[in-house]
Amino acid sequence: MARHRGRGMAAINYPIGMNLGGDPSQALVHSNPSGKFTVALSSIDLGQGMKSVTRQICAETLGVPVEDVYVDTADSDTGPHCMGSFASRGTHRVGNAVMAAAKEARGVMMEAAAEELEVNASDLETDGRGNIHVKGAPHRSISVKDVAIAAQFRQGKTISGRGIFLVPLSDVDPETGEMSPATCYAHACLVAEVEVDDETGEVGVIRMDSAYELGRALNPRLVEQQLVGGAWMGMSHALYETTEPYYPDPKQGPRDFVEYLMPGPGDICPHDIAVLERPAPDGPFGGKGPGEMCANPVLPAIANAIFNAVGVRIDELPITPEKVLRAIKAQGGARPQTRR
Amino acid sequence: MPVTVKTFQALSEAASALSSDRAARYLGGGTLVMRDLNEGDVSIATVVRATDRALQGIDAAGARVRVGAGVTFARVLAERDLAFLHPAARSIGGPAVRNMGTVGGNLFAPAPFGDFTVALLALDGMVSLQGGFGLRDVPLEEFLQSRDRHAGALVVAVSCIRPASADAFRYRKIARIKPKGGSVITLAAHLPQSGGRVTGARIALGSMAPTAIRAKAAERALEGRPLDASAIGAAAGAAGEGTAPTDNSLASAWYRREVVGVHLRRLLSGQES
Amino acid sequence: MLELRKDIFADERDDNLNEVGKGTQRQDMLGHVTGTSTYFNDHKLQGMLHVRVVRSTQSHARLRRIDTSEAERSEGVRRVIRGADVPRNLNTLLSLINFGKDDEPTLAVDKVRYRGEPIVAVVAETLRAAAEAAAKVRVDYESLPSVFDVEEALKPGAPTVNETYPKNTFTYHERYDHQKLRFGDVERGFAGADHVLEQRYQMSPIEHAPVETNGSIAAPDTNGRYVVYTSTQALFFSLDTCAKILDLPSNTFHFIGGTVGGGFGGKVDTLTEPLAILAAMLTGRPVRYVLGREEEMQFGPPRGAERIYIKDGVMRDGRIVARQIRGYFDSGAYTRLSSYAVVKCAAHLPGPYTIPNVHGDIYCVFTNRTPATAMRGFGITGMDFALECQMDKLAHLIGMDPMEFRILNAYRDGDMKAHRREAKNTALIECVQVAAEKAKWPIREEFRRMSSRKDGGGARAAVPSTPREPAQPRSAPAQQRTSYDRGLSMPPQPDPPPQAPAPSPGHGATRFSSVFGTRRR
Amino acid sequence: MAKTPLQFRHNGRDVALFVDGGTNLLVVLREMLGDVTPKFGCGQGGCGACTVLIDGEAHLSCLTLAEAVEGRAVETLDGIKTGPNLHPLQRAFAEGFAAQCGYCTPGMLMAAKALLDRNPQPSREQVVEAISGNICRCTGYEPIINAVLAAASSRASA
């Protein structure tokens, strides 16, 4: 028996937002009389961190601390329309809508502050800690809270803003497929190292190294969550998952988490990640969206690593021990390729 | 109609309640019956439970150990005298399942479950049944062949031999998922040696037939021979004989036949899986 | 371990920010670790009823008779819902963006097209009572031949899965059975190539497997409205789908969600909300409909399988000169969202590379299996697997390092992409370089010096001359009425004008409708 | 229809109620006692989202017949804080970003608590074993394993 190690790589890009655009999202931002802001959305947080990333975008745009912003989602009576949480559109589309709404709210806030400080709004700036002051004269300052009180009770202004973001819908040429599918793309390259047992066809993933370019890491911890979890899902898709193990024959479909295979906590491997940030010109602070593309390079990188280890190409997913073993036997044994 | 739960102190009463009602199921640790109820199995109208202490007994003093059917895998793992059964017990479920699942229930677990039973089969397991007729012992092998007909009987305990030495008994579950997954193949081998030769080998396989079975051809290949590479090779070559694996979501019949010998060879020669 | 490579593209960023770029704690973390984050199923309403759906046991069959009389008399049953009870028992999800024809009933009426298709919904006081009643529903099937393979489904004489699309393919631009991509001349490219490699790839159907299954709770609210707690990934998408199926104004519904126990694309299809609301309407009681795990795994829509053929022409020096791709998306018995993924996939070709001749034909194919839907990387994941395995084979074929092979062919700023838009803001080369560095995978100096921002455009910006294929006229537009809407008071579908208005409606998504408030009738 | 009386301790509080035959503990906790911290993920014993401690040991509440907890102590995530103070595991999960959708988190935390209560200084392998019956579809497990180890070391140094 022998176990053979091999390395493989893959590089990918991924379109951000619904293909062809036409997928709007709206946001409403308003302050309460104490200068605490609420973002109202109908967007969904299914774990990807929608509430958290839009909260940071809103705080950054308003120029207030993140603690002073709360994102409320999702309620169709209070949250304005959003297309939904899919197609890696949340950060880009909803983020832009929140940014637009926060900009409008900031404009009112600065006007209200200017009235209190008896200066022009264009002479004011926020310090990001809850205060607004005259540029170059930090002592001529008023807190956001006092501005909110003044706006509500003295000036009769709503510190609020509306935002929408829409990439106009593109046509598709029926004959050539000419179209504008997306305005920006995320990128990735991943190297996987595997160990293949040439008597059983079993494949273990030993380690992964990767580089992901995602515009801007608006919150690096959330990015890390997506990339680590996404790579796990990619490995899962590559080696384990299927609802029809004998596809296209529909027999033996799994009914539970024992029959439906996903790697367990004992199957995971070290994964070193580099994040690159080439800001998207139309992304909120350049952000694109790491959520979906992170799994994609893992599947082919593992398949290519298996070839490097034992010289067989498995072109059907998932790459089960059976498929590997059949291929090794058909080839007359493992044929390790040049070590990379 | 909600399910009726009947709890009895005495085993005999539980057994007769079970045998008199076709819609009754015996509830052990819950991992099988509660699952069926949760999934809306309306064929179960009555759940029978028994609190008899006999179900909880562990007698590990003699050459044959006896374990009550209601003993959980967690309790097996807590019992130092049952150390030879620990690998099998540990291969089942996560900790929560081991705190619930019982030795008796495992006898009825459909594929890909039922790994503990494979270990018992290699250790000359016997099943103590309480029926309307009283208590009787049935060899595990015979019990498994007619498992469905025992639906009305109540398993009180199982027993098995204590292996001659720690090295004489080996158990391994081949699963896709680590540390816990359903069985691709489960293997257990009891290899008593006398004068450097294997005598009375018993090898049991899970997931190689509708229930756990013995690999009798592999046993014969080892009988009377030293446990060396040649004997192990012969046993590995014969491992698939008499088996009848099927395709399921974890592996195909082809794959199981193809690798059962590999895994048996590795188990017998002390190699990692 | 995550490392931020701030040194790369630093000149394009303003990093002087207060909140953005910080690893701030998630807003929802405290809720998550204390178990106080509220998911749809954490709402408990007084007098709640439960739904269990009777599903088809056959892959393809005519329904001769559905007998619910015994089930209706079963203890605890408050209502048995059949297809005829659904106000508009025919829908396609993307009708909300005016894309595709209504092809899927909420409850099957005269035919089932996949094993597990809902036929009858039982509403009862307890799940046990619903299960007991469901077991008493008698369905008399007349089996029909099934087709499970995408290429078999396209052959003449294959069983018709879904009468809305009699040839088992979705219709693009009202004339084609697939989406085309044409850029340059692949035949000429192959003729001039040093090597030509054609390969077949197969992706499997995959379950989203979120730990929270699909479900919803609907309840009568004040003023004739209904409140709906839901696991949906797209609140208004689901709300508008329900408004259409139940034929009610969208403001009848108050949808509440937003905290969802994982989705990955599996909670877009609005699987439970229409029946939960309808049950609440018919009983006047709160109703909960949650998929069990086996239902979710077997009959919840998977990521659909894809079969992909790639034929490449490559030069000895590593340049790919032609790439031809044929892809088949297995949509299962109904369209759901696969039609959309096909166009997205076509736009993705030929991957992140600049190739002068590209030819793509992508099909959305109907088979007798659980309808497929979106999943993380929708339309792309399977194609990327095929493309990047193919890239590895090509590099091996010409004896080139796979990293360098990617860098050589990578698209760069200013290049023309196959869908005829300029590449901008590209970063593939830098990702390959950094990944190689991290993995200690040696690449040659000249490849380490290449950049996405250099040497693109110019000749690479041109749209190559592309041979015209004879354009097919639009087939007779058929918003085909299928037999399962008989007996329903469907508003008549106005026949589309024989010539669609200019400009070309593209893939059909000419405008959004219901999501903006006015529903197309 | 006759119901069965049932008494047990729920997070240190005695509760008494009547249950239908065949009811599982998860339904009792969620629907009857309003403790929605244990989650329904499968009803099959495969996901661990409903994990609770019964007399200190991890059990799957969806597979536990309600009658089986008569007289016993049931602990859920709702009971592991000390007053307003988070349990070290809760803190470690938060600090380690070990939750995304949050749905598996209550079961993970209870499985981890069952481990640390018996074995305050587990190895990585023991942590992996302890959560092996709990499915997480978001995180890839690594942050969860690290969080349990971090909680153990924070308790050791506290």
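When reading the values below, keep in mind they use all heavy atoms of this one structure, side chains included, and skip hydrogens, waters and symmetry mates. None of these values were measured; they are calculated from a predicted model. A, B, ... follow the sequence lines: proteins, then strands. Residue 1 opens every chain.
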Of all of B:Val33, B:Leu27, B:Val47, B:Val5, which one pairs up most often with chain D through heavy atoms under 4.5 Å apart? B:Val5

Tell me the ring pair (Phe, Tyr, Trp, His ring centres under 6.0 Å) pairs involving residues 100-137 of chain D, sequence neighbours left out? C:Tyr39-D:Tyr103

Should D:Leu65 and B:Arg49 count as side-chain neighbours, where that means a heavy-atom distance under 4.5 Å? yes

Looking at D:Gly22, D:Cys42, D:Gly46, which has the largest count of heavy-atom pairs under 4.5 Å with chain B? D:Gly22

Short question: side chain of B:Asn99, backbone of D:Ala58 - any donor-acceptor pair under 3.5 Å? yes

To the nearest 0.5 Å, what is the distance between NE2 on D:His59 and OG1 on B:Thr72? 7.5 Å

Got a donor-acceptor contact below 3.5 angstrom from the B:Asn38 side chain to the D:Cys62 backbone? yes

Under a 4.5 Å heavy-atom criterion, the part of residues 173-181 of chain B in contact with chain D comprises B:Pro179, B:Lys180

Residues of residues 115-135 of chain D with a heavy atom under 4.5 Å from any heavy atom of chain B, in residue-number order, are D:Val128, D:Glu129, D:Ala130, D:Ser132, D:Gly133

Audit row: D:Leu63, B:Met100, side chain to side chain contact (heavy atoms under 4.5 Å, CB included) steps and yes/no: CA-CA 9 Å; D:Leu63 295 184; B:Met100 304 175 69; 3.7 Å; yes

B:Thr7 side chain near D:Glu67 side chain, heavy-atom distance below 4.5 Å: no

Please list all pairs meeting ring pair (Phe, Tyr, Trp, His ring centres under 6.0 Å) that have one or both residues in residues 109-153 of chain D, counting only residues at least two apart or in different chains. A:Trp232-D:Tyr141

Given a strict heavy-atom distance threshold of 4.5 Å, which part of B:Thr31 is in contact with chain D: side chain, backbone, both, or neither? both

Cut-off 4.5 Å, heavy atoms of chain B, and the answer for D:Ala114 is neither

